[in-house]
There are 2 protein chains.
Amino acid sequence: MEGKPRPRASAREAMAGMDRLIALSLVGQHDIAQRLGLNITDLTCLGHILGAADDPLTAGELAELAGLTTGAVTGVLNRLEQAGYARRQADPGDRRRVRVVADPTAAERVSAVYEPFYGRLAGLFADYTPDEVGVLADWFTRATDLMRSSLEEIRRGSGR
Amino acid sequence: MEGKPRPRASAREAMAGMDRLIALSLVGQHDIAQRLGLNITDLTCLGHILGAADDPLTAGELAELAGLTTGAVTGVLNRLEQAGYARRQADPGDRRRVRVVADPTAAERVSAVYEPFYGRLAGLFADYTPDEVGVLADWFTRATDLMRSSLEEIRRGSGR
DNA sequence: CTAATTATCTTAGATGCTAAGGAGAATGCG
DNA sequence: CGCATTCTCCTTAGCATCTAAGATAATTAG
């Protein structure tokens, strides 16, 4: 199968493109959060909560994932409960722990706001061959792993 | 030229991968900003300032780009000047305007902190064929355009 | 049982945002 | 020109949300 010809690009150009995309998506996240009546921290946390739906996060795990103190997470959870996106659930095995479960409607409410982006993105992917989509997905996975490890290193480096 | 075989993936899987990458890069930006002695807003603004080095932004343009009020930008510029990353420059043609120019060393100081990420990312790209890098760069560009237009639409939609 | 540890919440203080308005500079119109 | 309007940035007051430190309650180790 022959895909359309894509313009050649250097790694440097590709990285610059990635940079712009990430910078822009940051602004985008802010706007989406606003539409959901949340701030960007709360939206990020809600993302983690939805992502771990099958094994609910504890408040502390959420703090770690989001790079927040547990005190800040207390505020996040209060707001998310208030807005009906998630709620605290007692951990049966350890009563100090708080499990955070998403409201059943949360995923849907969030998706609805992301829809304009996702619909168009799906359209964009449709313009690439399955092999090309494979390359993209592969790259995302590896870039994520790489970023995660670089991040841990940078955190250790600064003594955090 | 035959690249390594990449696992096939659906557009949905690719989007999920992209989501994770974006979420993580948000945390990463936060950490990088901290290492530069800045907050994430200031770093974002500094990015815009560096990106427009050939035609310096005005304070108002920066506010628009970053999605901030002009009052907030005053604070951003104070902090960036204080930290030596940028300075205000009088606009000869319109004395109401403030042009924001990056300090000559700013780009280098920022790059130094990004280096662990960039070095590894460059290594990652080296593992892809030029055609594959072309696909990635192409996708980044198009995804960025698409996100920009979706964003404008979402902003109009919410009456902003 | 007691001491130490762990997980979350509370509080105080700092930071950085918005909204509203002010000051100075540019522009337009009689 | 003269004066009102508009524009650009800054200032202020008030608010939201973060961190750091410590309190509280539950668990674990000795």
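Throughout, protein chains are lettered first and strands after them, A, B, ... in sequence-line order, and every chain is numbered starting at 1. Source: prediction; values computed, not measured.
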- Write down the distance between NE2 (A/H30) and C1' (C/dT18), rounded to a whole number of angstrom. 10 Å
- Item | Side-chain H-bond candidate by donor/acceptor type, B/Y114 with A/D19, under 3.5 Å | no
- Item | Between D/dC10 (C1') and B/R79 (CZ): distance, integer Å | 14 Å
- Just how far, in rounded Å, is C1' of D/dT8 from CG of B/D91? 11 Å
- Message: Once you apply a heavy-atom cut-off of 4.0 Å, does A/A59 come out as touching a base, just sugar-phosphate, or nothing?
- Response: sugar-phosphate
- Message: Base, sugar-phosphate or nothing for A/R88? Non-hydrogen atoms, less than 4.0 Å.
- Response: sugar-phosphate
- Indicate whether OP1 or OP2 belonging to C/dC17 is found under 4.0 Å from a side-chain N or O atom of B/T41. yes
- A/L68 atom CG is separated from D/dC18 atom P, nearest whole Å, by 6 Å
- Is there a salt bridge (charged side-chain N to carboxylate O under 4.0 Å, His left out) between A/R95 and A/D91 once you walk through the steps? CA-CA 6 Å; A/R95 281 182 299 167; A/D91 183 313; over 6 Å; no
- Task: Confirm from the modelled atom types if A/R96 and C/dT6 form a donor-acceptor pair under 3.5 Å, side chain to base only.
- Result: yes
- Message: Is it the case that the side chains of B/D131 and B/T129 hold a donor-acceptor pair, with the cut-off being a distance below 3.5 Å and no angle test?
- Response: no
- Task: Please check the phosphate of C/dC17 (OP1 and OP2 only) for any side-chain N or O of B/T69 closer than 4.0 Å.
- Result: no
- Message: Just N and O in the side chain of A/N39: are any of them under 4.0 Å from OP1 or OP2 of D/dT17?
- Response: yes
- Task: Round to a whole Å and report the spacing from CG of A/L80 to P of D/dT17.
- Result: 11 Å
- Query: Is there a donor-acceptor contact under 3.5 Å linking the side chains of A/R20 and B/T141?
  - Reply: no
- Task: May I have the distance from A/L77 (atom CG) to C/dT8 (atom C1'), rounded to whole angstrom?
- Result: 10 Å
- For C/dC9, does OP1 or OP2 lie under 4.0 Å from any side-chain N or O of A/T70? no
- Message: If I take atom CG in residue B/L38 and atom P in nucleotide C/dG16, what distance separates them, rounded to the nearest angstrom?
- Response: 10 Å
- For the side chain of A/D94, starting at C-beta, report the closest nucleotide among D/dC9, C/dT8, D/dT27. D/dT27
- Task: Remember a base hit wins even if backbone is also touched, and classify A/G71 as base, sugar-phosphate or nothing at under 4.0 Å, heavy atoms.
- Result: base
- More 5' along DNA chain D: A/D42 or A/P92, using each one's nearest nucleotide? A/D42
- Cut-off 3.5 Å, side chains only: do B/D138 and A/Y128 have a donor facing an acceptor? yes
- Rounded to the Å, how far apart are B/E64 CD and D/dC7 P? 14 Å
- Message: Below the 4.0 Å mark, does D/dT27 have OP1 or OP2 next to a side-chain nitrogen or oxygen of A/R95?
- Response: yes
